[in-house]
Amino acid sequence: MKAMTRLKDDLPKHGWKVVRYGPNSSKAKSLELTADHVEKKFAVKVEFWEKSSGGDTNDPTLLVNVVSACYQVPEGEKVDRY
């Protein structure tokens, strides 16, 4: 839970806009944060799954999804392939 609070407080200091923060619509009401970085064209959605979420016995988990806008390599440049 502290990690989510830190994200909510610190992301705006780095150009992110928190657009949603609170429990999601799941049965477990997991804490969820969604933030956008307009300049860099990224969005992130983070969910905090508590140990007891959904009746499982897993350790607490942060689930992170990152989305980026379509990107086109500028002419004359090349992309590093991993």
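Here the structure is a predicted model, which is why all the values come from computation and not from measurement.
A distance of 6.0 Å separates NZ of K8 from OG1 of T5, quoted to the nearest 0.5 Å. Annotation: the span from W16 atom CH2 to L7 atom CG amounts to 10.5 Å, rounded to 0.5 Å. Atom CG of residue L11 and atom CG of residue L33 lie 6.0 Å apart, to the nearest 0.5 angstrom. Annotation: the span from E47 atom CD to N24 atom CG amounts to 5.5 Å, rounded to 0.5 Å.
Closest of all the heavy-atom pairs between L62 and A3 is CD1-CB, 4.0 Å. What you find for T61 and D59 is that their closest heavy atoms are OG1-O, 3.0 Å. Here the closest non-hydrogen pair linking S30 and F48 is CB-O, 3.4 Å.
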May I have the step-by-step check of side-chain contact (heavy atoms from CB on, under 4.5 Å) for L63 and W49, ending in yes or no? CA-CA 8 Å; L63 177 67; W49 292 359; 3.4 Å; yes

Dump the intermediate steps for side-chain contact (heavy atoms from CB on, under 4.5 Å) on L31 and Y21, then the final yes or no. CA-CA 7 Å; L31 185 57; Y21 183 79; 3.5 Å; yes

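Inter-residue side-chain proximity for V44 and V64 is flagged as met; some heavy-atom pair is nearer than 4.5 Å.
For the salt bridge (Lys or Arg N to Asp or Glu O under 4.0 Å) condition, the pairs that include at least one residue of residues 16-25, sequence neighbours left out, are R20-E32. Screening residues 34-43 for side chain to side chain donor-acceptor pair (under 3.5 Å), with sequence neighbours left out, gives no hits.
Using a cut-off of 4.0 Å between Lys/Arg side-chain N and Asp/Glu carboxylate O, R6 and D9 are scored as not salt-bridged.
By the criterion of side-chain heavy atoms lying less than 4.5 angstrom apart, applied directly or through intervening Ile, Leu, Val, Met, Phe, Trp or Tyr residues, V66 is grouped together with V46 in one hydrophobic cluster.
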